[in-house]
Amino acid sequence: MIDAYFLGIDVGTQSARVGICDSNGRLIKTTSRAYRTFFPKPGWAEQEPSDWWKAVCESTRRCVEESGIKPSDITGISFDATSSTVLAVNREGSSLDRAILWMDQRAVQEVEDIRKTGHPRLKYSGGQDSAEWMVPKALWLKRNRPEQFNSAFFIIEATDWIAYKLTGNWTVSKCNATCKWNYVSREGGWDRDFLAEIGLMNILDKWPERVASLGERIGGLDRKASVELGLPEGIPVAEGGVDAHVGLLGLNALNPGNIGMILGSSNVFFILNDEPVFSPEFWGPYPDAVLDGKWLLEGGQTSSGSIVNWLVDNIYEISKNREADRNQILEKLEELASSVPSCSEGVITLDYWQGNRTPRRDPRAKGIIFGLSLGHTFGHILRSVYEGISFGTKHIMDSWKSKGVKIISATAGGGGTKSKLWLRLLADICDLPITVPMYADSCGIIGSAVCAAYGSGVYRSLPEAAEAMVTEERRITPTGEAESFERAYRNYLELYEKTKPLL
């Protein structure tokens, strides 16, 4: 059926993207606008919230105008945003300062102090929080900017702020709260004893009371937002969540044993389980974060596509032919890499350019390109980078399997799906069939549209909406070469152990 249109808003790290999608999942139009990230100190990263809203408004108006869809035909709206992007606001919703971006690492000491408590609540996050998350950042604000902390009406995430800008209502996304705020629905939500023990006994006064599930209707588009977006007042707005987690809906990777892969500058992996699985090697288990009744397990690689970008950018900078663009350089490198034998003739890349997120959980780890000789080329290096990233993915999969998690298949989205070589190596090294849906590099927008379709009542559940709106485009089947990579994989694992004392 094509009787409704949905607006999906994706507030990412570099830009806001907006797309219009119909009831069958056909993506009609997307638009975007970039904004700036500030790096005031090493390890810090900040953004201006007003820049997000300007980008959302401009992109929405352009998207509707260029799509040819009447504004009155938009049936529902939902959104996603980078997780753990924290801001303090006043009663009117204006930010008191720049937002602390997800990648900001200033709260490292707070993470260590929280870990030392050994509180039982931490078992839902693998035994410790991350410096990226809400609770350590809120504790940092209390310790280092007490005036801002005390004067704040709310301390929220980008997702919650976008929800307020759209509806005028204050909510907390259960997706974000469960995965990044130590919220556990199965144990009554917030743990006041935990918050008091770590020094945030009054933080609940600075968090909105309503915690809403993905796709839950949280209000209608309010008058001010309707004018700014160029849309009719009152359009149903559905709760959004973490960009990657909403992307899981946009991949329809919701069945048992099926991994959702978001391949981009960093990689994120998800699997929904019927039972909780506890381990310090991955994040979670998160109850009801995406679907009620399901436990979400999460793993990730801090650096993946960003390593490829690093290689291409550095080659571009020294290139004599500056008329060639980056895409042409990458195409040439992939052509060279495709002719290199498996295991890159002895070159091994340890993909820890920005540390290891899981399963080692070592933020101090560093990247390595090992085994070079004068006979190797940039083609060998790129292939080794893709193999190293794929070994890191396999390491995460193996950590899940060792805890009894059943893995049957994967569905991939994100910009990394554009590389046939990367997907081929992932399928072969992980020995896993990989499905790529239509609009795989826009899975956040599609997932937001899925939330909007459910929240506006067009579909009865998120799984029903995802099933109707996500279509398989292609499938990569393993060629049976997994065993040929085993020795290189073991060397990859050992390379970290051998060099860890030097790092």
Side-chain angles (χ1 to χ4, degrees), residues 43 105 108 111-112 115-116 118 122 125-132 259 261 263 265-269 277-284 297-308 310-311 340-373 376 380-405 407 422 425-426 428-432 481-503:
Q105 296 292 310
V108 170
V111 169
E112 181 61 15
R115 183 193 65 79
K116 287 178 180 178
L122 295 173
S125 56
Q128 68 180 57
D129 282 2
S130 164
E132 297 177 14
I259 295 171
M261 297 180 165
L263 309 178
S265 297
S266 62
N267 285 352
V268 188
F269 307 102
V277 179
F278 296 93
S279 171
E281 294 185 347
F282 44 80
W283 290 350
L297 305 180
E298 179 179 351
Q301 294 167 269
T302 312
S303 303
S304 50
S306 56
I307 304 175
V308 178
W310 168 85
L311 180 61
V340 172
S342 295
C343 304
S344 303
E345 295 188 315
V347 182
I348 299 173
T349 294
L350 196 62
D351 55 314
Y352 299 169
W353 262 240
Q354 292 292 108
N356 177 271
R357 184 178 286 169
T358 63
R360 301 196 189 278
R361 300 188 76 158
D362 183 356
R364 295 179 177 85
K366 298 294 187 292
I368 296 171
I369 301 176
F370 176 82
L372 288 168
S373 74
H376 291 122
H380 288 84
I381 292 175
L382 179 65
R383 185 182 185 94
S384 174
V385 165
Y386 280 138
E387 288 178 348
I389 295 167
S390 300
F391 289 150
T393 301
K394 176 176 168 58
H395 196 191
I396 293 169
M397 304 299 113
D398 287 351
S399 74
W400 283 348
K401 290 177 183 178
S402 70
K403 302 301 184 292
V405 178
I407 297 175
W422 188 356
L425 288 168
L426 264 178
D428 285 345
I429 289 172
C430 297
D431 197 23
L432 205 62
E481 293 187 8
E483 289 187 8
S484 67
F485 289 99
E486 273 303 311
R487 181 178 177 183
Y489 175 56
R490 290 195 302 271
N491 288 341
Y492 164 89
L493 296 176
E494 191 174 354
L495 185 59
Y496 169 81
E497 300 295 346
K498 295 282 190 182
T499 59
K500 183 178 180 181
L502 302 176
L503 302 179

Side-chain heavy atoms of Val340 within contact of Leu382, under 4.5 Å: no
Just do the side chain to side chain contact (heavy atoms under 4.5 Å, CB included) check on Ser130 and Trp283 with the steps written out, would you? CA-CA 10 Å; Ser130 164; Trp283 290 350; 4.1 Å; yes
salt_bridge(Arg490, Glu494) N-O dist < 4.0 Å: no
Run the ring-ring contact (aromatic ring centres under 6.0 Å, His included) test against Phe370 and tell me which residues pass, sequence neighbours left out. none
Residue from Asp362, Asn356, Ile368 passing side chain to side chain contact (heavy atoms under 4.5 Å, CB included) with Tyr496: Asp362
How about Arg383 and Cys343: do any of their side-chain heavy atoms sit closer than 4.5 Å? no
What orientation do Tyr492 and His395 show, parallel under 30°, tilted 30 to 60°, or perpendicular over 60°? perpendicular
Derivation and outcome, side chain to side chain contact (heavy atoms under 4.5 Å, CB included), residues Leu432 and Leu426: CA-CA 8 Å; Leu432 205 62; Leu426 264 178; over 6 Å; no
Is there a side-chain contact between Ser304 and Trp422, using heavy atoms and a 4.5 Å cut-off? yes
Just so I know, are the side chains of Trp400 and Ile259 near enough to count as touching, which here means a heavy-atom distance under 4.5 Å? yes
Only one of Lys366, Arg357, Arg360 passes side-chain hydrogen bond (donor to acceptor under 3.5 Å, both in side chains) with Tyr352; say which it is. Arg360
Starting from the C-alpha separation in whole Å, work towards a yes-or-no answer on side chain to side chain contact (heavy atoms under 4.5 Å, CB included) for Ile389 and Leu263. CA-CA 10 Å; Ile389 295 167; Leu263 309 178; over 6 Å; no
If you compare all heavy atoms of Asp351 against all heavy atoms of Gly392, which two are closest, and at what distance to 0.1 Å? OD2-CA, 4.2 Å
Can any side-chain N or O of His376 pair as donor or acceptor with the backbone N or O of Glu345 at less than 3.5 Å? yes
Taking the side chain as C-beta and beyond, is there a heavy-atom pair between Trp353 and Ser306 under 4.5 Å? no
Going from CD on Glu281 to OG1 on Thr358, what distance comes out if it is rounded to the nearest 0.5 angstrom? 9.0 Å
Could you check whether the rings of Tyr489 and Phe391 sit parallel, tilted or perpendicular, using 30° and 60° as the cut-offs? tilted
Could you tell me whether a side-chain N or O of Gln354 sits under 3.5 Å from a main-chain N or O of Ser303, the two making a donor and an acceptor? no
Check whether any side-chain N or O of Thr499 sits under 3.5 Å from a backbone N or O of Leu495 as a donor-acceptor pair, and report yes or no. yes
Closest heavy-atom pair and its distance - Pro280, Arg361: O-CD, 2.9 Å
Glu387 and side chain to side chain contact (heavy atoms under 4.5 Å, CB included): which single residue from Leu425, Val347, Asp428, Ile348 fits? Leu425
Are Pro359 and Phe282 side-chain neighbours, meaning at least one heavy-atom pair lies under 4.5 Å? no
Looking only at non-hydrogen atoms, find the nearest pair between Cys430 and Met397 and report the distance. SG-CG, 4.5 Å
Quick check for you: to the nearest 0.5 Å, what is the distance between Ser384 atom OG and Leu372 atom CG? 8.0 Å
Does a sphere of radius 6.0 Å around NZ in Lys500 hold more than 12 heavy atoms from other residues, nucleotides or ligands, not counting ones at 6.0 Å or beyond? no
Run the side chain to side chain contact (heavy atoms under 4.5 Å, CB included) test on Gln301 and Thr393 for me, step by step, so that the C-alpha distance in whole Å, both residues' side-chain angles and the decisive distance to 0.1 Å come before the verdict. CA-CA 8 Å; Gln301 294 167 269; Thr393 301; 2.7 Å; yes
Can you see which heavy atom on Val385 is nearest to which on Thr349, and at what distance? N-OG1, 3.6 Å
Please indicate whether Lys498 has more than 12 foreign heavy atoms, meaning atoms of other residues, nucleotides or ligands, lying under 6.0 Å from its NZ. no
Side-chain contact, heavy-atom cut-off 4.5 Å: Val108 with Glu112? no
Taking all non-hydrogen atoms of both residues into account, name the closest pair between Ser279 and Lys403 and its distance. OG-CE, 3.6 Å
Around Glu483, counting heavy atoms of other residues, nucleotides and ligands shown, do more than 12 lie under 6.0 Å from its CD? no
